[in-house]
Structures are given as structure tokens and as C-alpha cells.
Amino acid sequence: MSIKAVLFDLGKVLIHFDFEPAFRRLAKHCKKTPKDIRAFFASSELEVLYDGGKITSYDFYRKVRLGLGFSLSYKQFQRLWNSIFTPVPGMAGLVHRIGRRKRLVLVSNTNEMHFSFVKKRYPVLKKFHSHVLSYEEKVRKPDERIYRKALKACGA
């Protein structure tokens with residue numbers, strides 16, 4: 001039996017992310033500290049709902065704005081919220097090499113705002129034959145349903 005497809009995760013595999021700089025920048029626009037903002041997200045289900053496709057990008061923004069009390073526009077918030085990503089060195093080359101011989105499937109817990117941003121910014125994502133994304137599938141890892149979708153996308 002030979003390997004026909006390779007699954008990759010997005011966050012901290014292909015692209016690193018760190019919310020702390022976003023928390024620091026967001027703190028400048030509201031009466032909260034970065035620690036308060038981190039606690040707000042840790043204690044709410046907003047990210048789970050958003051990554052799970054249960055609320056829209058604008059609903060996420062509205063609920064965060066209400067919860068933290070800032071006056072940033074939606075576009076300003078998008079820029080700030082998407083400023084968390086950096087490439088993982090060497091991964092684009094690895095994906096390119098593997099993609100010449102195997103089917104590539106991306107499976108990730110992510111949301112529409114982040115994925116739209118990284119898809120434009122990181123061309124490595126164009127190498128994937130299929131994207132299985134939590135916000136589109138309405139199910140997050142580690143739920144087995146997302147892995148079943150990923151296996152189906154593998155065509156193997």
C-alpha cells in the first residue's frame with residue numbers, strides 16, 4: 001500500500017500565528033489590557049462559534065466590539081485581527097515537493113476572515129487539491145466528522 005494523499009493542518013504547521021500582538025494593538029483601542037482581552041476570548045465561546053461556522057465574520061466582529069468596547073470599523077478590526085500570521089520556515093518548499101507526487105488536503109480549524117486573508121497572502125495554499133475548513137464544514141477538530149470529510153477529500 002502506498003501513500004496517496006497527505007493531510008496538513010494550517011495553524012502552527014504551515015503558518016504560525018500569535019494572538020498576543022493583536023491583543024496589544026486591540027488594547028490601544030479599548031479600556032482593556034492585553035491580559036483582559038486574552039481572558040475575554042478564553043472565557044467566551046466566540047472563537048469556537050466562529051471557527052465552527054455558527055456565526056458570520058461580521059457577527060464575530062460585532063460581538064467582540066461589544067464585549068471589549070472599542071470603536072474600530074470592521075475593516076480596521078479585520079486588519080488588526082489578521083496581523084497574527086507568519087510563515088513556518090521550510091514548509092512551502094515541503095508542500096511543493098510533496099504536492100508533485102501526492103494529493104494534498106488542508107484540514108484546519110479556522111474562520112472565514114483568517115482563511116480569506118491567508119489564502120491571499122500565502123501562495124502555498126494554492127498547492128492544495130482540497131481545503132477542509134471548520135467554518136465551512138460546521139464542525140471542528142477533534143470531531144471525527146471533519147476527519148471523515150478530509151479522508152473523502154483525499155480520494156484515497
Side-chain angles (χ1 to χ4, degrees), residues 1-23 25-26 37-38 40-65 67-68 72-156:
M1 176 188 271
S2 67
I3 296 171
K4 294 184 171 56
V6 177
L7 293 146
F8 279 87
D9 194 357
L10 179 62
K12 301 207 176 181
V13 174
L14 295 174
I15 301 169
H16 181 69
F17 65 90
D18 181 2
F19 281 100
E20 290 305 315
F23 293 164
R25 285 190 286 279
L26 200 49
I37 295 169
R38 187 180 325 101
F40 169 78
F41 283 104
S43 67
S44 80
E45 288 196 339
L46 279 176
E47 291 240 42
V48 171
L49 292 171
Y50 188 35
D51 285 359
K54 308 289 193 266
I55 60 174
T56 67
S57 293
Y58 194 79
D59 287 337
F60 176 74
Y61 155 75
R62 213 176 75 247
K63 289 174 188 288
V64 172
R65 185 184 69 194
L68 295 178
L72 293 169
S73 71
Y74 179 63
K75 290 284 185 200
Q76 290 170 316
F77 177 74
Q78 275 184 310
R79 278 193 297 278
L80 187 148
W81 199 242
N82 287 332
S83 67
I84 65 171
F85 299 104
T86 55
V88 173
M91 290 306 290
L94 177 65
V95 167
H96 180 72
R97 287 190 304 278
I98 293 172
R100 286 186 277 182
R101 301 180 316 274
K102 309 292 180 198
R103 184 167 176 79
L104 296 174
V105 176
L106 181 70
V107 57
S108 181
N109 286 344
T110 190
N111 57 65
E112 184 274 331
M113 191 183 304
H114 281 162
F115 194 70
S116 293
F117 176 80
V118 297
K119 192 168 56 172
K120 290 175 190 165
R121 168 99 16 135
Y122 298 98
V124 66
L125 298 178
K126 292 179 179 132
K127 301 283 183 192
F128 285 82
H129 299 94
S130 186
H131 300 146
V132 179
L133 309 171
S134 61
Y135 78 94
E136 291 179 342
E137 300 300 333
K138 309 282 192 258
V139 62
R140 291 170 37 105
K141 295 182 294 178
D143 191 301
E144 77 175 61
R145 291 174 291 175
I146 197 165
Y147 293 108
R148 289 191 186 283
K149 294 274 188 175
L151 288 172
K152 194 173 196 176
C154 288

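In this chain, numbering begins with 1 at the start of the sequence shown.
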Taking Lys141's backbone N and O only, do any of them form a donor-acceptor pair with Asn109's side chain (distance below 3.5 Å, no angle check)?
yes
Closest non-hydrogen contact found for Ser83 with Leu80 is OG-O, 2.6 Å
Looking at Gln76, I'd like to know if its CD atom is crowded, meaning that more than 12 non-hydrogen atoms belonging to other residues, nucleotides or ligands lie closer than 6.0 Å.
yes
Is the shortest side-chain heavy-atom distance between Gln78 and Met113 below 4.5 Å?
yes
Quick check: does any side chain N or O of Ser108 sit under 3.5 Å from a backbone N or O of Leu133, one acting as donor and the other as acceptor?
no
Under 3.5 Å side-chain donor-acceptor pair for Tyr50 and Ser57:
yes
Heavy-atom closest contact (Ala92 atom, Val124 atom, distance)
CA-CG2, 3.7 Å
Closest approach of Ala150 to Leu7 (non-hydrogen atoms, all atoms of both residues):
CB-CD2, 3.6 Å
Decide yes or no for Arg103 and Lys4: does some side-chain heavy atom of the first lie under 4.5 Å from some side-chain heavy atom of the second?
no
Test item: Arg65 and Tyr74 side chains (from C-beta on) under 4.5 Å apart, heavy atoms:
no
Is the shortest heavy-atom distance from the side chain of Phe77 to the side chain of Phe60 under 4.5 Å?
yes
For the residue pair Asn82 and Arg121, establish whether any side-chain heavy-atom pair is separated by less than 4.5 Å.
no
For Leu104 and His129 the tightest heavy-atom approach is N-ND1, 2.7 Å
Audit row: Ile146, Val132, side chain to side chain contact (heavy atoms under 4.5 Å, CB included) steps and yes/no:
CA-CA 7 Å; Ile146 197 165; Val132 179; 3.8 Å; yes
Using the benzene-type ring in the case of Trp, are the ring centres of His131 and Phe115 under 6.0 Å apart?
yes
Is the shortest side-chain heavy-atom distance between Leu14 and Leu106 below 4.5 Å?
yes
Between Glu112, Lys120, Lys119, which is the residue that forms a side chain to side chain donor-acceptor pair (under 3.5 Å) with Ser116?
Glu112
Contact check, side chains of Phe19 and Phe41, non-hydrogen atoms, under 4.5 Å
no
Using 30° and 60° as the class boundaries, would you call the ring planes of Phe8 and Phe128 parallel, tilted or perpendicular?
perpendicular
Working for side chain to side chain contact (heavy atoms under 4.5 Å, CB included), residues Asp18 and Thr86
CA-CA 9 Å; Asp18 181 2; Thr86 55; over 6 Å; no
Interatomic spacing from CZ in Arg100 to NE2 in His96 - rounded to 0.5 Å:
4.5 Å
Name all residues meeting the ring-ring contact (aromatic ring centres under 6.0 Å, His included) criterion together with Tyr135; count only those two or more places apart in sequence or in a different chain, and write none if there are none.
none
So which heavy atom on Val13 is nearest to which on Asp9, and how close?
CB-O, 3.4 Å
Are Tyr61 and Tyr58 an aromatic pair by the rule of ring centers under 6.0 Å?
yes
By the definition side-chain contact (heavy atoms from CB on, under 4.5 Å), identify the one residue from Leu49, Asp51, Thr56, Ile55 that meets it with Asn111.
Asp51
Is the closest basic N to carboxylate O distance between Arg140 and Asp143 below 4.0 Å?
no
